[in-house]
Peer 1: 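What follows is a single structure, and I will ask about it in a moment.
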Amino acid sequence: MSRVSHAVAARPRALVVGGSIGGLFAARALRRAGWDTTIFERTGGLEGRGTGIVTHDKLLTALRWVGVEPDATLGVPVTMRQAFDADGRVIGERIHAQTVTSWERLFSILRAGVADADYRTAHDLCDVELLENGVRARFTNGVTEQGDLLVAADGFRSTVRSLLMPAVEPVYAGYVGWRGLTDEAELVARLGSGFFDRFGFYLACSHQMVGYPVAGMGNDLRPGRRRYNFVWYRPVDDDRLRELLTDASGQVHALSIPPPLIRAESLAEMRSTAEHELCPQFREVIRLTAQPFFQPIYDVCSERLVQGRVALIGDAAFVARPHVGAGVTKAAEDVLALAQALDGAAEIGSGLVDYEQARLESGRQIVAWGRRLGGYLAPGHAMTMTPGETFDEPTPDAFMKDSASLEFLVA
Ligand SMILES: Cc1cc2nc3c(=O)[nH]c(=O)nc-3n(C[C@H](O)[C@H](O)[C@H](O)COP(=O)(O)OP(=O)(O)OC[C@H]3O[C@@H](n4cnc5c(N)ncnc54)[C@H](O)[C@@H]3O)c2cc1C
């Protein structure tokens with residue numbers, strides 16, 4: 001039993017807002033630290049969504065901490081990275097062992113350890129009231145809940161953050177990432193298994209493409225049933241982004257658009273550009289992808305992680321560009337730091353101070369690293385540049401070494 005739980009006599013209660021990876025990690029880690037936890041998720045359920053996730057040792061450590069022993073069913077092991085030139089020739093190789101999994105796989109592993117009664121869907125938080133020794137949350141369905149702590153795991157558009165720290169907003173980076181999944185069997189039939197089994201990279205001056213294998217539908221890891229995940233980063237200015245975020249009815253969506261609402265002409269433009277901008281292997285990947293979608297790239301950098309009895313974690317706190325490949329790992333590390341700080345503290349308030357101290361600087365560093373990796377893609381994008389700042393295009397070797405790698409943290 002933690003020192004915090006002794007201090008407040010009964011088991012303290014945490015309201016976890018957001019039921020994605022960060023929220024599930026939070027619920028499980030705090031429970032291990034002696035808390036009662038309830039997750040409140042806005043949607044009706046998140047099963048069956050998402051694409052690829054790169055794992056890191058720190059993520060595996062966090063999984064063990066919350067009671068999950070990662071095994072061979074976690075994902076697809078990849079040992080080699082390869083960079084291609086415009087004609088598809090291999091121009092660089094690098095040994096880099098890493099397991100690549102899918103958002104769906106991680107979600108199902110973590111969700112399995114949370115009882116349905118503690119995971120309430122269709123709860124859209126709309127207000128937070130800071131109390132002297134606790135917090136009250138209100139939801140659009142009329143429900144009000146009170147706890148000793150509220151964990152904001154509600155993602156990059158966090159309602160909690162916008163209520164408590166309205167000055168912190170996602171800042172558009174000037175480019176988007178087109179993403180999608182292709183069936184292994186079809187891809188291997190066209191390109192052979194040597195391409196599918198590796199982390200692939202294609203670099204050109206104004207864009208970059210990364211791809212890797214992940215589990216198939218229903219987390220199927222059998223050869224032939226897996227899928228290939230890609231992210232193609234392309235510069236898109238603010239006016240064009242607004243067009244891309246406009247659906248067929250003319251509605252402009254803020255920040256991102258649900259994949260089914262992306263207009264046919266946007267998809268057609270992306271597909272035709274791929275035919276002359278990508279190397280042959282990645283052209284084939286795009287041709288075979290039934291439902292590509294795009295994600296505008298944003299930076300989110302919070303100045304505080306704690307206000308009263310509210311703690312921001314995961315994407316609600318900081319969002320680094322996906323080149324870092326660490327959104328899930330960072331969320332897991334935030335949660336571990338929070339649970340351990342609370343567990344070791346004499347009272348909740350001082351535990352929260354310790355949490356903020358532990359994670360504020362690393363959050364800033366990871367966002368800065370993401371800007372360094374992708375900044376050259378939109379050099380003139382005023383919102384993300386400080387005067388005099390420049391970003392160099394990486395060499396293929398640096399691109400392979402630094403993408404989806406946390407080596408910079410120990411450099
Ligand atoms: C469905 C889904 C699929 C994803 N797929 C991928 C992927 O394939 N690859 C990748 O790199 N990253 C993916 N992500 C993002 C990835 O999960 C995060 O970058 C990282 O794990 C940190 O997660 P998070 O839990 O902090 O935030 P998120 O994963 O963004 O989750 C935030 C959660 O909060 C909920 N929420 C938001 N507002 C409210 C509110 N007012 N009240 C209650 N709940 C609210 C959202 O519905 C969501 O479930 C996905 C996220 C989601 C939600």
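One-based numbering, in listed order, for ligands and for the atoms of each.
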Peer 1: Please confirm whether Gly314 comes within less than 3.5 Å of ligand 1 when only nitrogen or oxygen atoms on both sides are compared.
Peer 2: no
Peer 1: Using a plain distance cutoff, I'd like to know if Gly52 has any nitrogen or oxygen under 3.5 Å from a nitrogen or oxygen of ligand 1.
Peer 2: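 For ligand 1, there is an N or O atom that lies under 3.5 Å from one belonging to Gly52.
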Peer 1: Between Val160 and ligand 1, which part of the residue brings a heavy atom under 4.0 Å of the ligand: side chain, backbone, both or neither?
Peer 2: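 Neither; nothing of Val160 gets under 4.0 Å from ligand 1.
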Peer 1: Does the side chain to side chain donor-acceptor pair (under 3.5 Å) test come out yes or no for Asp397 and Thr395, once each step is laid out?
Peer 2: CA-CA 5 Å; Asp397 272 348; Thr395 62; 5.6 Å; no
Peer 1: Which of the atoms of ligand 1 are close to Gly155, meaning less than 4.0 Å from one of its heavy atoms?
Peer 2: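 By the 4.0 Å cutoff, the relevant atoms are 27 (O), 30 (O), 32 (C).
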Peer 1: Which atoms of ligand 1 sit under 4.0 Å from any heavy atom of Leu46?
Peer 2: 49 (O)
Peer 1: Above 12 or not: heavy atoms from other molecules or residues under 6.0 Å from CZ of Arg190?
Peer 2: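 12 or below, so no.
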Peer 1: What part of Ile21, side chain, backbone, both or neither, has a heavy atom within less than 4.0 angstrom of ligand 1?
Peer 2: both
Peer 1: How far is atom 21 (O) of ligand 1 from the closest protein heavy atom, and which atom is that?
Peer 2: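 Sorting protein heavy atoms by distance from atom 21 (O) of ligand 1 puts Val328 CG2, 3.2 Å first.
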Peer 1: For atom 33 (C) of ligand 1, what's the nearest protein heavy atom and its distance?
Peer 2: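 Answer, as residue, atom name and distance: Ala153 O, 3.6 Å.
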Peer 1: For atom CD of Glu129, decide whether the heavy atoms of other residues, nucleotides or ligands shown that lie under 6.0 angstrom number more than 12.
Peer 2: yes
Peer 1: Measuring from atom 38 (N) of ligand 1, which candidate in Arg42, Gln295, Arg120, Glu104 has the nearest non-hydrogen atom?
Peer 2: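 Of the listed residues, Arg42 has the closest heavy atom.
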Peer 1: Using distance alone, with no hydrogens and no angle criterion, decide if Ser256 and Arg157 have a side-chain donor and acceptor under 3.5 Å apart.
Peer 2: yes
Peer 1: For Val17, take its heavy atoms, then give the atoms of ligand 1 lying under 4.0 Å from any of them.
Peer 2: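 Answer for ligand 1: 42 (N), 43 (C).
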Peer 1: Are the ring centres of Phe282 and Phe195 closer than 6.0 Å?
Peer 2: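 Aromatic pair counts; centres sit under 6.0 Å.
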Peer 1: With side chains defined as the heavy atoms from C-beta onward, is the minimum distance between Cys301 and Phe318 less than 4.5 Å?
Peer 2: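 SC-SC contact between Cys301 and Phe318 confirmed.
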Peer 1: With heavy atoms under 4.0 Å as the rule, classify the contact between Phe40 and ligand 1 as side chain, backbone, both or neither.
Peer 2: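 The part of Phe40 near ligand 1 is the backbone, not the side chain.
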Peer 1: Parallel, tilted or perpendicular: which one describes the rings of Tyr228 and Phe196, with boundaries at 30° and 60°?
Peer 2: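 Because their plane-to-plane angle lies in the 30° to 60° range, the rings of Tyr228 and Phe196 count as tilted.
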Peer 1: Looking only at protein heavy atoms, which one is nearest to atom 26 (O) of ligand 1, and what is the separation?
Peer 2: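 Its nearest protein heavy-atom neighbour is Asp315 N, 2.9 Å.
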Peer 1: Can you tell me if Arg240 has over 12 outside heavy atoms packed within less than 6.0 Å of its CZ?
Peer 2: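 More than 12 within 6.0 Å, yes.
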Peer 1: Hey, is His123 touching ligand 1 through its side chain, its backbone, both or neither, going by heavy atoms under 4.0 Å?
Peer 2: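 Near ligand 1, His123 shows its backbone, while the atoms from C-beta on stay back.
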Peer 1: Quick one: nearest non-hydrogen protein atom to atom 7 (C) of ligand 1, plus distance?
Peer 2: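 Of every protein heavy atom, Thr51 N, 3.6 Å lies nearest to atom 7 (C) of ligand 1.
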Peer 1: Between the side chains of Glu145 and His123, does any donor sit under 3.5 Å from an acceptor?
Peer 2: no
Peer 1: Find all atoms of ligand 1 within a distance of less than 4.0 Å from any non-hydrogen atom belonging to Asp124, and give their numbers and elements.
Peer 2: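 Once the distances to Asp124 are compared, the set is 40 (C), 41 (N), 42 (N).
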Peer 1: Side chains of Thr246 and Arg263: do they bring a donor and an acceptor to under 3.5 Å?
Peer 2: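 Absent: no donor and acceptor within the cut-off.
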Peer 1: Check whether any heavy atom of Pro322 sits under 4.0 Å from an atom of ligand 1.
Peer 2: no
Peer 1: At a 4.0 Å threshold, what atoms of ligand 1 neighbour a non-hydrogen atom of Thr43?
Peer 2: 47 (O)
Peer 1: I'd like to check which ligand 1 atoms, numbered from 1 as shown, lie under 4.0 Å from a non-hydrogen atom of Thr159.
Peer 2: 41 (N)
Peer 1: Mind checking whether Leu163 and Leu125 have side chains closer than 4.5 Å, heavy atoms only?
Peer 2: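 The answer is yes, as the side chains (C-beta and beyond) meet within the 4.5 Å cut-off.
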Peer 1: Any heavy-atom pair between the side chains of Arg321 and Arg371 that's under 4.5 Å?
Peer 2: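 Answer yes - side chains close enough.
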Peer 1: Just going by heavy-atom distances, which of Ile313, Leu181, Ile53 is nearest to atom 10 (C) of ligand 1?
Peer 2: Ile53
Peer 1: Determine whether Phe294 and Val236 make a side-chain contact, defined as any pair of heavy atoms from C-beta on separated by less than 4.5 Å.
Peer 2: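 No, too far: nothing below the 4.5 Å cut-off.
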Peer 1: Please list the nearest protein heavy atom to atom 42 (N) of ligand 1 with its residue and the distance rounded to 0.1 Å.
Peer 2: Leu125 N, 2.9 Å
Peer 1: Determine the interplanar angle of the Trp232 and His207 rings, folded into 0 to 90°, and report it as parallel if under 30°, tilted if 30 to 60°, perpendicular if over 60°.
Peer 2: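 Ring orientation, 0 to 90° scale: perpendicular.
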Peer 1: Just need the protein heavy atom nearest to atom 25 (O) of ligand 1, so name the residue and atom and give the distance.
Peer 2: Gly22 N, 2.8 Å
Peer 1: With heavy atoms of Gly327 as the reference, note each atom of ligand 1 found under 4.0 Å away.
Peer 2: 20 (C), 22 (C)
Peer 1: Taking only residues two or more places apart in sequence, or in another chain, which ones meet Asp116 in a side chain to side chain donor-acceptor pair (under 3.5 Å)?
Peer 2: Arg111
Peer 1: To check your reading of the model: name the closest protein heavy atom to atom 36 (N) of ligand 1, its residue, and the distance in Å.
Peer 2: Asp154 CB, 3.8 Å
Peer 1: May I ask you to identify the nearest protein heavy atom to atom 29 (O) of ligand 1, giving residue, atom name and distance to one decimal place in Å?
Peer 2: Ser20 OG, 2.6 Å
Peer 1: With a 4.0 Å cut-off on heavy atoms, is Arg179 touching ligand 1?
Peer 2: yes
